[in-house]
Amino acid sequence: MPNIKHSGTFTLGDHRVNRLGYGAMQLAGPGVFGPPKDRAAALAVLREAVASGVNHIDTSDFYGPHVTNQIIREALHPYSEDLVIVTKIGARRGEDAAWLPAFSPEELTKAVHDNLRNLKRDVLDVVNLRIMLDIHGPAEGSIEKMLTPLAELQRQGLVRHIGLSNVTSAQIAQGRSICNIVCVQNHYNLAHRADDTTIDQLARDNIAYVPFFALGGFSPLQSSHLSGVASGLGATPMQVALAWLLRRAPNILLIPGTSSLAHLRENLAAAELVLPDDTMKELDSVAAAAA
Ligand SMILES: NC(=O)c1ccc[n+]([C@@H]2O[C@H](COP(=O)([O-])OP(=O)(O)OC[C@H]3O[C@@H](n4cnc5c(N)ncnc54)[C@H](OP(=O)(O)O)[C@@H]3O)[C@@H](O)[C@H]2O)c1
């Protein structure tokens, strides 16, 4: 079993977590909708992740919907003290599996209660408010109307910590003027580096940055350059992509997603892969080529 403590640790809310965590989105059915093909395999992935030292799991009640959280509860409840489950709100699913914005105070309150019930928690560790002003990615606009109701739910004791997702740097600044923000979750990986400046700013302020699609998401990363570097190191391209993120900044926490035990093991082993300085520089060309 890989020693994921080698990934290092970072404080997320009030817990020190291993920087290599796990993203649970792939545990729902195709298109993140409905039940998984193999529920037993989904339970096994979660149990092995935690047995291997993962103490940061990312989820949402709109995965399935409800399905992923119910699988997490079945696999891991009663939860160990050190496990941080981060969820996100701000969307709901249409009957056709569409991702629809859900930002009214009533929808946000319902989403918090759905997460509490399906995860079987009295209080949610961290809730990310996922902004969806544009379907394609972060877009400027005030987040005050959406964040204020979540801050109120925090005051009521239902939410311990708040994070933001799919946001611009102006929205992060606005969010921090409304309430304490412990993490930011945006699209970022070796080939998609729009948040380079944001990451460095958050690192200076000790705020966790949690890239989603670390492995490329629905279109997994593919680059002959990345493959060449990986084979030179005796590693896989996905392991190099994760190791690159671990070295990129100390506040980066990883939540690679997988429904496969073999991929989970491969991803967790990236904790022990340390990339030399010249490899880090060489990998910049993957981003340049993607741009
Ligand atoms: N805030 C947001 O808006 C947002 C958006 C998307 C995701 N997220 C979060 O981020 C987490 C990660 O996102 P993600 O799962 O979509 O993307 P990801 O981590 O970039 O990659 C997952 C994809 O890569 C495959 N994969 C995983 N490990 C692999 C390996 N070692 N070799 C080859 N393929 C591998 C997975 O398929 P297999 O199942 O076959 O391994 C899956 O297709 C999610 O679980 C979710 O919690 C957040």
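Atoms within a ligand are numbered from 1 in the order they appear, just like the ligands themselves. Not measured: the values here are computed from a predicted model. Values below: all heavy atoms of this structure, side chains included; hydrogens, waters and symmetry mates excluded.
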*Sole candidate of Leu254, Ile4, Ile252 that passes side-chain contact (heavy atoms from CB on, under 4.5 Å) when paired with Arg19*: Ile252

*Should side-chain heavy atoms under 4.5 Å link Ile, Leu, Val, Met, Phe, Trp and Tyr, which residues sit in the same cluster as Leu253?*
Phe10, Leu12, Val17, Val84, Val86, Val126, Val182, Val210, Ile255

*Using the ring of each side chain (for Trp, its six-membered ring), is Tyr188 parallel, tilted or perpendicular to Tyr209, with breaks at 30° and 60°?*
perpendicular

*asked:* Under 4.5 Å side-chain heavy-atom separation, chaining through any Ile, Leu, Val, Met, Phe, Trp or Tyr, what else clusters with Val123? Say none if it is isolated.
replied: none

*Inspect the contact between Arg193 and Asp284 and indicate whether a charged nitrogen and a carboxylate oxygen are less than 4.0 angstrom apart.*
yes

*asked:* Can you work out which protein residues put a heavy atom within less than 4.0 Å of ligand 1?
replied: Gly23, Ala24, Met25, Gln26, Asp58, Tyr63, Lys88, Arg130, Ser165, Gln185, Phe212, Phe213, Ala214, Leu215, Gly216, Gly217, Met238, Ile255, Pro256, Gly257, Thr258, Ser259, His263, Glu266, Asn267

*Listed by chain and number, what are the ring-ring contact (aromatic ring centres under 6.0 Å, His included) partners of Phe62, not counting sequence neighbours?*
Trp99

